[in-house]
Amino acid sequence: MKRRGYSLLMTAVMTVSLLSGCGGNNPNAPQSTEAAKSQTSQAAEQTSSGGEGTGTEAPNAAEESGQGAGGEFSGTLKMYGPGLFADVGLDGTIDMITGVKKPGYQVVIDRWNELYPNVELVIEPIPWDNWKAALQTAAISGDVDILIHGASLGPVVEPLGPYVEKDSDYMDQVTMMTLRRNAELAPLNQVVPFGATITLNPVMIVVNKTIFENYGVPLPDYTTWTLDDLMEAAKATTGIDPKTGKETYGISPIKASDAFKNYIWSSRAKNNEIFDWGDSIKNSKMNFVSDETAEVLNYLTAFKDYTSPDYIEGLDLATAYTEDHNIAMVVVENPYNVYNTLKANGLDDQYMLAALPKIEDGPYKGVTSSHFGDWHMSICKNSTNKELAWEFLKFMTTDPVVQQWILDTYNIPTNIMANSTLGDYMSEDFAAAIKYVIETCPDDFSCSENECYDSGNFGTFMNDLATVLNEMYQGNMDAQEAMEFVQKNVDDFLSTLQ
């Protein structure tokens, strides 16, 4: 059902795009990037030599990864942007907190060179500081083919609908694509795939099982729990721990500086649809002042009674995931990294992951309100190597060696086959929850631009949300004042477009 719904969406999106011109426990699982590389190479050699194996010929590595032979392409492919390549570096890195060693992107280059020997790959990683401005400049220069994390830049990137249409089996291999709205390339009431998602970052809750047990509070059943259940759990685990005598707090939402991200999941859980989308931004409206919006804002503000006084300053997690951890639930965007920290501290058996509460109403009623952030890649509109760039995007999302490299860097691949092996890399309490979100989150949902929230089309909306939520948290503003503040800024922005 999940994938069928997305197929219907993709058909509509492709039409619009075309018209607009544009180490585990499983002995069968690869244990490292080198192991995956060795196995696929051996499979290719066995096939070419006509060797016998299990009775089924092993596929050529290039075919297995969805690639052609690669010899038809030549030239230079350039990419630029922030994220995973910058995090691990060319030769790899060691996490200073967990001691985890992560392989560098030389693995990706080497694998590419095997499959595409006539194409030089040039990767220029950059930090996240001012990344959007840097990508805009790079796109205008015309000297880059792939913009890493570039989907939000709209007109400077290529809609990917036509490419996916040509590779009809592509969507069967990946969990999702990076969807955005951009009126310059398609009607604004349509979400369009502007990026190939490479890694997934589900927003989830890390639960301290020890604190729950000490208070005698049942652990959450994330397949059924509601927003009210979450609030009650936060309330019940705030106070003086009856066994340790230490003060504990029920919850730490996503950090205050990114408070708008808490609005994304809670407004989605309430199904608070605030947009009337037209074909352009001038013909679209935001209806932020409503009883439903007030309910969302007041819900988030109610967490203040169950959070540390250090939350606003971002200091409440100073002892997180250690023996001194005193918070029952933490809303996180990086569950894999949290798991590694817990494992390094020998505490992974004291915690579990939970999906966010169920959506209360609307077309997705009963589905978790957890959503995905992602690391993705887009094709630059000015590239002269667009077909080759698409080959690279497929390579990053389907090649088995690259998927193993992603797992080895402790990230979650979008590739369905690869992310189904998470249980080989982490405890079942963590892996099962992540897989639950992957399997149930609708494919056509974009956390950046949806019916409840939009990050790029309504002026300062995103920053204004963070501002009013933090003001309400500190008692400086009520819901009505917050809604009117946000609505006024949106209306003022839209008036400049008339």
Side-chain angles (χ1 to χ4, degrees), residues 202-242 247-256 258-272 290-312 316-317 320 325-333 351-362 364-371 433 437 452-453 465-466 468-475 477-479 482-483:
V203 176
M204 305 186 73
I205 297 180
V206 178
V207 177
N208 186 321
K209 294 191 291 187
T210 301
I211 292 179
F212 270 70
E213 290 165 4
N214 289 352
Y215 278 93
V217 177
L219 293 173
D221 178 357
Y222 56 78
T223 66
T224 62
W225 73 335
T226 65
L227 288 173
D228 288 342
D229 293 333
L230 174 60
M231 188 66 71
E232 285 301 313
K235 179 180 179 180
T237 52
T238 299
I240 302 301
D241 188 308
E247 188 169 24
T248 64
Y249 301 98
I251 192 166
S252 175
I254 295 174
K255 61 183 179 181
D258 286 343
F260 64 91
K261 294 179 180 178
N262 293 310
Y263 180 86
I264 295 174
W265 64 261
S266 57
S267 63
R268 186 177 176 222
K270 291 284 188 182
N271 192 42
N272 180 37
S290 69
D291 291 343
E292 291 76 15
T293 300
E295 189 176 351
V296 174
L297 298 177
N298 285 328
Y299 178 84
L300 290 173
T301 303
F303 279 136
K304 69 180 181 181
D305 294 332
Y306 315 123
T307 58
S308 165
D310 295 326
Y311 167 72
I312 288 291
D316 62 326
L317 297 180
H325 185 97
N326 67 338
I327 300 174
M329 297 178 290
V330 181
V331 184
V332 300
E333 301 176 271
Y351 289 79
M352 63 174 278
L353 263 187
L356 286 163
K358 297 293 186 182
I359 296 173
E360 296 180 348
D361 200 4
Y364 299 128
K365 181 178 180 180
V367 175
T368 173
S369 56
S370 283
H371 61 265
V437 175
C452 304
Y453 171 80
L465 268 179
V468 299
L469 284 168
N470 289 330
E471 288 298 309
M472 288 183 65
Y473 218 81
Q474 297 173 84
M477 187 179 277
D478 63 25
M483 292 187 296

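Counting from 1, the numbers follow the sequence of the chain as shown. Computation of the quantities below employed the complete heavy-atom set of this structure, encompassing side-chain atoms and omitting hydrogens, waters and symmetry-equivalent molecules.
- The shortest distance between side-chain heavy atoms of Phe303 and Ser252 does not fall below 4.5 Å.
- In this structure a side-chain-to-backbone donor-acceptor pair under 3.5 Å is missing from Trp265 to Met204.
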message = Walk me through whether Asn272 and Tyr263 qualify under side-chain contact (heavy atoms from CB on, under 4.5 Å).
response = CA-CA 10 Å; Asn272 180 37; Tyr263 180 86; 3.4 Å; yes

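- The closest side-chain donor-acceptor pair between Asp241 and Thr248, if any, does not fall under 3.5 angstrom.
- Rounding to the nearest 0.5 Å places CG of Leu356 at 5.5 Å from OG1 of Thr368.
- With a 4.5 Å cut-off on side-chain heavy atoms, Asp229 and Met231 do not count as touching.
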ask   = After noting the C-alpha distance and the side-chain angles of Glu360 and Lys365, does the key distance pass the salt bridge (Lys or Arg N to Asp or Glu O under 4.0 Å) rule?
value = CA-CA 5 Å; Glu360 296 180 348; Lys365 181 178 180 180; over 6 Å; no

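- When every heavy atom of Asn470 is checked against every heavy atom of Ile312, the shortest pair comes out as OD1-CD1, 3.9 Å.
- Nearest heavy-atom pair, Lys358 versus Tyr222, reported as atom, atom and distance to 0.1 Å: CE-O, 4.1 Å.
- No hydrogens or angles considered: nothing links the side chains of Tyr306 and Thr237 as a donor-acceptor pair under 3.5 Å.
- Pairing each heavy atom of Ser266 with each of Leu300, the nearest pair is OG-CD1, 3.3 Å.
- The nearest pair of heavy atoms linking Pro202 to Val437 is CB-CG1, 4.3 Å.
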key: side-chain contact (heavy atoms from CB on, under 4.5 Å) between Asn298 and Met472, worked out   = CA-CA 8 Å; Asn298 285 328; Met472 288 183 65; 3.6 Å; yes

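- At a cut-off of 3.5 Å, with distance as the only test, no side-chain donor of Thr226 or Asp228 sits close to an acceptor on the other residue.
- With values rounded to the nearest 0.5 angstrom, Leu469 atom CG is found 6.5 Å from Thr301 atom OG1.
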ask   = So Ile205 and Leu353, side-chain contact (heavy atoms from CB on, under 4.5 Å) or not? Walk me through it.
value = CA-CA 6 Å; Ile205 297 180; Leu353 263 187; over 6 Å; no

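- Panel note: side chain Tyr299, backbone Leu227; a donor-acceptor pair is recorded below 3.5 Å.
- Contact annotation: the side chain of Lys261 approaches that of Asp258 to within less than 4.5 Å [non-hydrogen atoms, C-beta and beyond].
- Between Val206 and Met352 the shortest side-chain heavy-atom distance does not fall below 4.5 Å.
- At a threshold of 4.0 Å, the pair Lys270-Glu295 counts as salt-bridged, since one of the basic side-chain nitrogens sits closer than that to a carboxylate oxygen.
- Taking OG of Ser308 as the reference point, atom CG of Asn326 lies at 7.0 Å (rounded to 0.5 Å).
- Annotation for Tyr364 and Ile359: closest pair O-CB, 3.5 Å, computed over non-hydrogen atoms.
- Remark: the backbone N or O of Ile211 is paired with a side-chain donor or acceptor of Asn208 at under 3.5 angstrom.
- Neither side chain, Tyr311 nor Asp316, offers a donor N or O lying under 3.5 Å from an acceptor on the other.
- With sequence neighbours left out, Tyr453 forms a ring pair (Phe, Tyr, Trp, His ring centres under 6.0 Å) with Phe461.
- Taking both residues in full, the closest heavy atoms of Ala354 and Ala433 are given as N-CB, 4.4 Å, listed atom of the first, atom of the second, then distance.
- In this structure, Ile264 CD1 and Ser370 OG are separated by 12.5 Å, a value rounded to the nearest 0.5 Å.
- The line from OH of Tyr249 to OG1 of Thr307 is 8.5 Å long, rounded to the nearest 0.5 Å.
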request  = Carefully, step by step, assess Ile251 and Val330 under the rule side-chain contact (heavy atoms from CB on, under 4.5 Å).
outcome  = CA-CA 6 Å; Ile251 192 166; Val330 181; over 6 Å; no

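- At least one side-chain heavy atom of Leu317 sits under 4.5 Å from a side-chain heavy atom of Ile327.
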